[in-house]
Enquirer: 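Here it is: the structure, laid out below.
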Amino acid sequence: MSGTIIEGISLYIPTYNRRDQLIRLLKSIESSDYTDLYEIIISDNNSPYNVLDEILKEFPIQFCEKCRIHINNTNIGSSGNIRNAFLYCKTKWLWIIGDDDEILQSSIKTIKDKISENPESAFLKFSTETECNGEVGILKEDNCQMKSLQDLIDYYKKRHNSVRCIGSLVFISNNIINIELLAPYIRYAFEYST
């Protein structure tokens with residue numbers, strides 16, 4: 001991360017060899033008001049097909065122009081691919097979303113509104129619908145804002161014993177990150193693996 005941070009929201013999608021899931025996610029983004037996003041960054045972990053070609057086949061050019069594709073030279077693993085979001089994000093706000101998720105039509109507007117209401121938050125966390133052990137339901141987390149990295153750490157320490165599904169503890173797709181406030185700590189994302 002270097003240079004001037006741009007005001008806005010970047011949506012970052014780490015992906016590897018899940019064409020159908022990625023296309024489904026992108027269709028859910030296309031059906032929303034994606035113009036409020038600065039860009040959609042797709043970071044491919046060296047899939048055996050050309051991600052850009054697949055997107056160009058499925059979407060109109062105006063949507064494709066919103067997308068920036070990064071292809072890793074080799075598969076660096078999901079943790080590495082997720083951490084790269086902090087390198088590629090040019091905007092103040094970062095939304096990392098799993099390639100197997102989908103968004104609601106109102107998601108981007110809801111996020112934009114909450115950012116406007118809470119511009120000095122370090123993190124915004126939203127409740128989400130999820131599947132756990134074959135059951136679909138609402139992830140039992142409150143919508144909340146956090147002012148610091150320590151607030152986020154304390155939140156997860158407190159939640160550790162009450163979250164039913166282990167994946168929900170570090171579920172990435174419902175977190176919006178203020179890169180500007182997090183900048184002094186980004187090196188820890190690379191020093192300490194997930």
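We use all heavy atoms of the structure for the numbers below, so side chains are in, but hydrogens, waters and symmetry mates are not.
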Enquirer: Anything under 30° is parallel, anything over 60° is perpendicular, the rest tilted; go ahead and classify Tyr88 against His70.
Expert: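 Rings of Tyr88 and His70: tilted, 30 to 60°.
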Enquirer: What pair of heavy atoms forms the shortest contact from Leu25 to Gly98, and how long is it?
Expert: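 Of all heavy-atom pairs spanning Leu25 and Gly98, the closest is CD2-O, 3.5 Å.
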Enquirer: What pair of heavy atoms forms the shortest contact from Asn45 to Tyr16, and how long is it?
Expert: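 Closest approach of Asn45 to Tyr16: O-CD1, 3.2 Å.
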Enquirer: If you count heavy atoms of other groups shown closer than 6.0 angstrom to NZ of Lys112, is the number above 12?
Expert: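 Check fails, neighbour count at 12 or below.
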Enquirer: Measuring from atom CD1 of Ile103 to atom CH2 of Trp95, what distance do you get when rounded to the nearest 0.5 angstrom?
Expert: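 Separation between the atoms: 4.5 Å.
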Enquirer: Identify whether the distance between the nearest side-chain nitrogen and carboxylate oxygen of Lys27 and Glu30 falls below 4.0 Å.
Expert: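 No, no charged N to carboxylate O under 4.0 Å.
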Enquirer: Please find the pair of heavy atoms, one from Asp44 and one from Asn17, that lie closest to each other, and give the distance.
Expert: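 For Asp44 and Asn17, the tightest heavy-atom pair comes out as OD1-N, 4.5 Å.
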Enquirer: Over all heavy atoms of both residues, which pair between Trp93 and Thr91 is shortest? Give the atoms and the distance, please.
Expert: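 The pair with the smallest heavy-atom distance is O-OG1, 2.8 Å.
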Enquirer: Could you walk me through whether Asn46 and Asn72 pass the side-chain hydrogen bond (donor to acceptor under 3.5 Å, both in side chains) check?
Expert: CA-CA 6 Å; Asn46 207 318; Asn72 296 321; over 6 Å; no
Enquirer: Would you name the heavy atoms of Cys64 and Phe59 that are closest together and state the gap between them?
Expert: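 Scanning both residues completely, I find the closest heavy atoms to be SG-O, 3.6 Å.
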Enquirer: Side-chain heavy atoms under 4.5 angstrom apart, residues restricted to Ile, Leu, Val, Met, Phe, Trp, Tyr: same cluster for Ile176 and Ile6?
Expert: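 No, it is not one cluster - the side chains of Ile176 and Ile6 are not joined through contacts under 4.5 Å.
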Enquirer: Of the non-hydrogen atoms in Lys66 and Tyr38, which two are nearest, and what is the gap between them?
Expert: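 Nearest heavy atoms, Lys66 then Tyr38: CD-O, 3.6 Å.
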Enquirer: Are Leu104 and Ile29 linked, directly or through intermediate hydrophobic residues, by side-chain heavy-atom contacts shorter than 4.5 Å (ILVMFWY only)?
Expert: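 Result: no, two separate clusters.
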Enquirer: Can you name the one residue among Asp99, Asp101, Asp100 that meets side chain to side chain donor-acceptor pair (under 3.5 Å) with Ser173?
Expert: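 Testing Ser173 for a side chain to side chain donor-acceptor pair (under 3.5 Å) against Asp99, Asp101, Asp100 leaves exactly one candidate, Asp101.
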Enquirer: Does Pro14 reach the side chain of Ile96, with side-chain heavy atoms less than 4.5 Å apart?
Expert: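 Yes; the side chains approach each other to less than 4.5 Å.
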Enquirer: Who pairs with Asn178 by side chain to side chain donor-acceptor pair (under 3.5 Å), at least two apart in sequence or on another chain?
Expert: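 Per chain and number, Asn178 pairs via side chain to side chain donor-acceptor pair (under 3.5 Å) with no residue.
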Enquirer: Are the side chains of Thr74 and Ile76 in touch, meaning some heavy atoms are under 4.5 Å apart?
Expert: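 Yes. Closest side-chain heavy atoms under 4.5 Å.
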Enquirer: Check whether any side-chain heavy atom of Leu22 sits under 4.5 Å from a side-chain heavy atom of Ile13, and report yes or no.
Expert: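 They are in contact (side-chain heavy atoms under 4.5 Å apart), so the answer is yes.
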